[in-house]
2 protein chains.
Amino acid sequence: MMQQKIILPKRRKDSIFNRNSPLFVARLSFLVSVLIALMTFLLGWLEDSLFYKANGLIALTDIVNSAILLTAVAHSNREPDSFFNYGYGKYESFGIFVSSSLITLITIYTIYEAVVSFGKIVPIGNFTYLILFSLVSASLMFWMHKTLLRYYNNFQLPILRYDAEVWKYDSIIEIGVILTLFLCVILDKLGFTSAARIADSVSAIIFVAIAMRIPIKFGKKSIDQLLDRTMPEKFHYDILSVIAENFKNICEFRNIYARQSGKDIFVEIDVVLPYDFTLAEAYEIEKKITNEIRTMYSNAIPRIYVVPCSKDCIYDNINHCPVKKWKKELGNL
Amino acid sequence: MMQQKIILPKRRKDSIFNRNSPLFVARLSFLVSVLIALMTFLLGWLEDSLFYKANGLIALTDIVNSAILLTAVAHSNREPDSFFNYGYGKYESFGIFVSSSLITLITIYTIYEAVVSFGKIVPIGNFTYLILFSLVSASLMFWMHKTLLRYYNNFQLPILRYDAEVWKYDSIIEIGVILTLFLCVILDKLGFTSAARIADSVSAIIFVAIAMRIPIKFGKKSIDQLLDRTMPEKFHYDILSVIAENFKNICEFRNIYARQSGKDIFVEIDVVLPYDFTLAEAYEIEKKITNEIRTMYSNAIPRIYVVPCSKDCIYDNINHCPVKKWKKELGNL
Ligand SMILES: [Zn+2]
Ligand SMILES: [Zn+2]
């Protein structure tokens, strides 16, 4: 078969068909959310059931959600430029914040609706359709969860991790729906009609409440990043351990500043070095420390700020600086 | 009169009665919003009029708004600590973002309501009460605007500026309400009843749309700050001019990174200096540049990141480095 060569603009060709890009999985996530929403509305229209109308709201939220994430991934993928000197990493945190706030609000509304209509049975349509739809949805959702986790492991973008968890959240709700359906049908067949109604409402509230933990957890984390809250203790201990290893090379350790922006961790470390060290000598020590940090955290962007010592190592006309002594004993670093 | 000395915990005493603190004006702003809301609800209850019910929504928003700002000011007032290495400045941006989003949503809802009920006259109660209430409200709001601007000029916290503008926004709406009331009453007295109804709806939409520009403008700015978007061009030119003045003191200028967090402007400047400069010599140059930047921008927190030159100034066994030449000619800086 003859294949005609189509010349596409470079950027476009790259981004749409390149499976090796976080953009690919973000687009896939968006398409799957549109697909599930279409399925939901089609069935809702065929069956005219309240069940699908409630699900439709969640499906719509998922589309908005995926669109936010797609935008955030497209942005955070860019290199730092003159508009964003520190890169576009904060777009991710902001995207996660907006999306998780949206999901939390929708979830609270869903729980409110479930409480208000507690015990009132929702007229469900064709049972086979329902189970089939929920099974297909849940599988698709779980597959998206797995795919996104794989991409997260490759690209380390926090937003992929978040999207993976949101799909898990959706699949938990969907499985909850399936289990509840079975339970209600069984209870109904056995004649416990009122028990079936209560089971329906109770399980809806429980499943939604369990799933709500995901957007709350990630929303809180994204706010911390937007506020430049410092990194977790573990990170600080690891950085301090690198400094401790290099303690004989520095006069004094003053401070660590750390903040996260997307996958980038900006670390600034203030140290004091002998006032008569040359810049070349100081730079050797800097490089040693930053390399060690980058070996531990490949996403870290460390910078060492050096301040000259106050010459207080010199007394009796002799330089007692322990760093200089060490350096002499060791030769060049 | 005998005055008993009451010993309050230090922090509390300081913050409530100290007029020289941004917290004082944030609390005042909160109290005034509660006062106006109480007036609105009292009149609404006495008059049972739709006008006050609509105003009540705005009054409630103002309370939520002031509470957000109060929290943000209380936080951003704190010194940097181990949780927030870069200080609490981003709390301000986040507070402004949440508050301006809220106001924008409420404003869109208000315009929507005005469009839906277009031309339907709202049964207004006692005209004298209405005018009196609106005049008092507008004066209070404008006074808050002025007070907050004065505090902003003292403390430079962007959030005080924002709150000042929000109060202006509220007073614009209130003045719009007064003007509309007069216009409607005059039109009504002259017999143009339908004209009065249309004038009411049209002016409501126009005034709200004008006022909406404030939260949108500040909301956009706060998002830029949360995303670590770089500073406006003016700022970059000013920093570049300082570097240009010090150009003979450095081998090479590499990059500027700038970002804002509350009132703080973090600036990082990458420069190259001769590899055989001592740290003390390099520090002199650093201090000169940072001092000049701080003279221009008192809120700037500049840091100079020095990298040694690659020794390419040395050829024919002679050091041709222009920085060294300058330094020799000038003596010590
Ligand atoms: Zn020393
Ligand atoms: Zn040079």
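Every chain is numbered from 1, with letters handed out A, B, ... down the list of sequences.
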(message) I'd like to know whether A:Thr230 forms a side-chain contact (heavy atoms from CB on, under 4.5 Å) with B:Phe84, so could you lay out the CA-CA distance, the side-chain angles of the two residues, the decisive distance to 0.1 Å, and finally the verdict.
(response) CA-CA 5 Å; A:Thr230 200; B:Phe84 288 83; over 6 Å; no

(request) Let me see the working for B:Asp270 and A:Arg303 under salt bridge (Lys or Arg N to Asp or Glu O under 4.0 Å), right down to the final yes or no. (result) CA-CA 11 Å; B:Asp270 291 1; A:Arg303 306 190 107 191; 2.6 Å; yes

(message) Could you walk me through whether A:Leu279 and B:Val306 satisfy the side-chain contact (heavy atoms from CB on, under 4.5 Å) test, starting with their C-alpha distance in whole Å, then the side-chain angles of each, then the deciding distance to 0.1 Å, before giving a yes or no?
(response) CA-CA 8 Å; A:Leu279 291 180; B:Val306 178; 3.7 Å; yes

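Formation of a donor-acceptor pair under 3.5 Å by the A:Asn85 side chain with backbone atoms of B:Ala258 is found in this model.
Heavy-atom neighbours of B:Arg294 CZ from other residues, nucleotides or ligands within 6.0 Å: above the threshold of 12.
Aromatic ring centres of A:Phe97 and B:Phe94: separated by under 6.0 Å.
From B:Tyr275, atom OH reaches atom CD of A:Glu281 across 11.5 Å, with rounding to the nearest 0.5 Å.
B:Pro308 and A:Ala280 make their closest contact through CB-N, 4.0 Å (heavy atoms, listed as atom of the first residue, atom of the second, distance).
Heavy atoms of A:His236 lying under 4.5 Å from chain B belong exclusively to its side chain. Contact of A:Ser261 with chain B is not made at all, since no heavy-atom distance falls under 4.5 Å.
Top candidate by heavy-atom pairs under 4.5 Å with chain A, chosen from B:Glu268, B:Glu286, B:Gln225, is B:Glu268. The choice from A:Lys90, A:Glu92, A:Met231 that makes the most heavy-atom pairs within less than 4.5 Å of chain B is A:Lys90. Contact tally against chain B (heavy-atom pairs below 4.5 Å) for A:Ile304, A:Asp224, A:Asp81: the top residue is A:Ile304. Your options are B:Ile223, B:Leu226, B:Leu227, B:Thr278, and the one with the most heavy-atom pairs under 4.5 Å with chain A is B:Leu227.
Taking the six-membered ring where the residue is Trp, B:Tyr305 and A:Tyr305 present perpendicular rings, their angle passing 60° and hence far from 30°.
The pair A:Asp228-B:Arg259 meets the salt-bridge criterion, with a side-chain N (NZ, NE, NH1 or NH2) lying under 4.0 Å from an Asp/Glu carboxylate O.
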